[in-house]
Amino acid sequence: MFRSFISSFIRLRRSFLVVMILFALSSAVKAQLSTDFYQQSCPNLLKIVRKEVQNAIKSEMRMAASLLRLHFHDCFVNGCDASLLLDLTDGEKSAFPNVNSARGFEVIDAIKSSVESSCSGVVSCADILTIAARDSVVLSGGNSWKVLLGRRDGLVANQTGANAGLPSPFDTVNAIISKFADVGLNVTDVVSLSGAHTIGLATCRTFSNRLFNFSGTGAPDSTLNSTMATDLQNQCPTTSDGFNTAPLDRNSRDVFDNHYFQNLLTGKGLLGSDQLLFSGDVAETTSTKSLVQSYSSNSNLFLTDFANSMIKMGSISPLTGSAGEIRQNCRVVNS
């Protein structure tokens with residue numbers, strides 16, 4: 001019994017040390033990044049990015065969610081270094097979570113072109129992604145926040161890391177929590193950042209497993225609202241190619257609000273991984289259920305926590321100082 005106690009104590013101590021190290025690294029990163037990084041070198045940066053994002057969303061409302069997702073998928077692999085943007089045969093664009101899925105690259109190109117016209121060779125693609133994500137939220141009705149800047153662009157991509165580290169719509173709650181913890185994010189971040197699904201669309205292939213023969217039951221997922229299940233079966237027949245789309249936030253697809261969480265309370269989460277936050281076996285023990293309930297009834301709490309979690313996510317392992325480079329073209333490393 002004594003040995004068991006000592007073993008448990010050691011494991012607990014190691015976990016505590018890991019948390020403290022991640023906290024220290026996060027604090028150090030925030031000290032290197034700053035909200036006024038380009039105040040002298042590119043004073044009109046924020047206005048330029050906002051204008052381009054606004055134009056893109058006017059052309060296609062879905063683009064707000066697409067730009068936000070690019071920032072997520074970039075930061076979870078190698079940190080926020082714009083490695084996702086690189087055009088490589090073995091790059092992150094070709095990873096399973098991104099291929100035929102990640103979109104908005106041409107908007108980032110347009111932003112980069114406008115920024116370069118104003119201040120050439122100064123602003124990183126990684127920072128452009130970060131600002132564009134914030135602006136996408138604001139222009140969809142969400143809260144604003146001050147973006148920390150000063151990231152530099154990575155020189156390599158990591159397809160293996162993208163395949164292994166990006167959260168999947170088929171993941172369990174524990175798997176998602178683990179993937180978030182690997183990059184220094186906690187359960188509150190899991191639930192608040194999942195709220196990004198208050199805007200945008202998802203293809204049938206990401207949720208069709210819930211519609212007809214869920215887990216071999218011969219019936220739809222029992223946690224899925226029956227009326228919604230019928231609608232989705234019509235939208236995503238078994239004969240389709242899986243690329244039809246449905247709103248992630250039923251009846252509120254383009255407004256950044258807490259309606260996504262209200263849907264989870266009534267079984268109207270589109271992705272299995274979303275609905276599990278409320279209905280899953282571990283939703284209570286992991287506190288995801290209580291967070292969903294809190295956000296569903298308190299919009300200000302969700303929007304505040306989301307902004308704070310975005311700042312944390314944007315601070316994942318950035319390249320600063322002389323590390324990396326400032327890409328001339330976001331799709332390729334400088335020659």
Side-chain angles (χ1 to χ4, degrees), residues 21-22 25-35 37-38 41-42 45 49 66-99 101-116 119-134 136 147-167 179-180 182-185 193 310-335:
I21 290 170
L22 288 172
L25 289 174
S26 175
S27 299
V29 163
K30 288 181 179 179
Q32 295 173 25
L33 302 177
S34 65
T35 57
F37 189 83
Y38 297 108
S41 59
C42 195
L45 172 62
V49 177
S66 299
L67 294 175
L68 180 55
R69 187 165 180 258
L70 285 183
H71 183 47
F72 274 75
H73 281 220
D74 179 48
C75 289
F76 265 76
V77 185
N78 287 5
C80 307
D81 66 347
S83 55
L84 171 59
L85 304 181
L86 291 172
D87 282 340
L88 300 168
T89 54
D90 60 347
E92 292 166 32
K93 284 183 179 179
S94 302
F96 180 75
N98 295 322
V99 67
S101 177
R103 59 196 302 275
F105 299 108
E106 71 285 350
V107 176
I108 300 300
D109 291 339
I111 298 172
K112 177 65 171 175
S113 178
S114 294
V115 170
E116 287 294 302
C119 32
S120 180
V122 172
V123 181
S124 68
C125 300
D127 277 344
I128 287 174
L129 275 175
T130 309
I131 301 168
R134 189 274 308 273
S136 294
V147 176
L148 294 171
L149 301 169
R151 301 165 191 78
R152 289 169 65 84
D153 299 321
L155 304 177
V156 297
N158 184 356
Q159 185 178 116
T160 301
N163 281 325
L166 287 170
K179 288 179 179 181
F180 271 65
D182 286 343
V183 293
L185 301 177
L193 292 176
M310 285 293 289
I311 293 170
K312 285 179 65 177
M313 187 184 74
S315 300
I316 297 172
S317 305
L319 299 172
T320 58
S322 60
E325 64 181 12
I326 304 297
R327 278 184 224 146
Q328 297 171 346
N329 178 342
C330 289
R331 294 175 181 263
V332 295
V333 297
N334 297 338
S335 57

How long is the straight-line distance from [atom2] of [Y] back to [atom1] of [X], given to the nearest 0.5 Å?
| X | Y | atom1 | atom2 | result |
| --- | --- | --- | --- | --- |
| Met313 | Ser315 | CE | OG | 10.0 Å |
| Leu67 | Ile131 | CG | CD1 | 12.5 Å |
| Leu85 | Asn329 | CG | CG | 9.5 Å |
| Ile326 | Asn334 | CD1 | CG | 9.0 Å |
| Leu86 | Ser94 | CG | OG | 11.5 Å |
| Leu68 | His73 | CG | NE2 | 10.0 Å |

Taking all non-hydrogen atoms of both residues, which atom of [X] and which atom of [Y] are closest, and how far apart?
| X | Y | answer |
| --- | --- | --- |
| Val115 | Cys42 | CG1-SG, 4.5 Å |
| Cys330 | Ile108 | SG-CG2, 4.2 Å |
| Asn98 | Ala162 | ND2-CB, 4.4 Å |
| Tyr38 | Leu45 | CD1-CD2, 3.3 Å |
| Cys75 | Gly314 | SG-CA, 4.3 Å |
| Arg152 | Ala323 | NE-O, 2.5 Å |

Hey, is the main chain of [Y] close enough, under 3.5 Å, to the side chain of [X] for a donor-acceptor pair?
| X | Y | answer |
| --- | --- | --- |
| Asp153 | Arg327 | yes |
| Glu325 | Val333 | no |
| Asp90 | Gln159 | no |
| Glu92 | Asn158 | yes |
| Asn163 | Phe96 | yes |

Legend entry - Minimum side-chain heavy-atom gap Met310-His71 below 4.5 Å: yes

Inset, instruction - Report the C-alpha separation of Asp182 and Phe76 in whole Å, then their side-chain angles, then the decisive distance to 0.1 Å, and conclude whether the side-chain contact (heavy atoms from CB on, under 4.5 Å) test is met. - result: CA-CA 9 Å; Asp182 286 343; Phe76 265 76; over 6 Å; no

Which of these, [options], sits in a side chain to side chain contact (heavy atoms under 4.5 Å, CB included) with [X]?
| X | options | result |
| --- | --- | --- |
| Phe72 | Leu129, Leu166, Leu84, Leu193 | Leu193 |
| Pro318 | Leu33, Asp127, Leu148, Thr130 | Leu33 |
| Phe37 | Leu149, Val123, Thr320 | Leu149 |

Legend entry - Lys93/Asp87 salt bridge by N-O under 4.0 Å criterion: yes

Legend entry - Salt-bridge contact Asp109-Arg331 (side-chain N to carboxylate O under 4.0 Å): yes

Inset, instruction - Would you kindly say whether Arg69 and Ser101 are connected by a side-chain donor-acceptor distance under 3.5 Å? - result: yes

Inset, instruction - Begin from the C-alpha positions of Ser124 and Arg151 and carry the test side chain to side chain donor-acceptor pair (under 3.5 Å) through to its verdict. - result: CA-CA 7 Å; Ser124 68; Arg151 301 165 191 78; over 6 Å; no

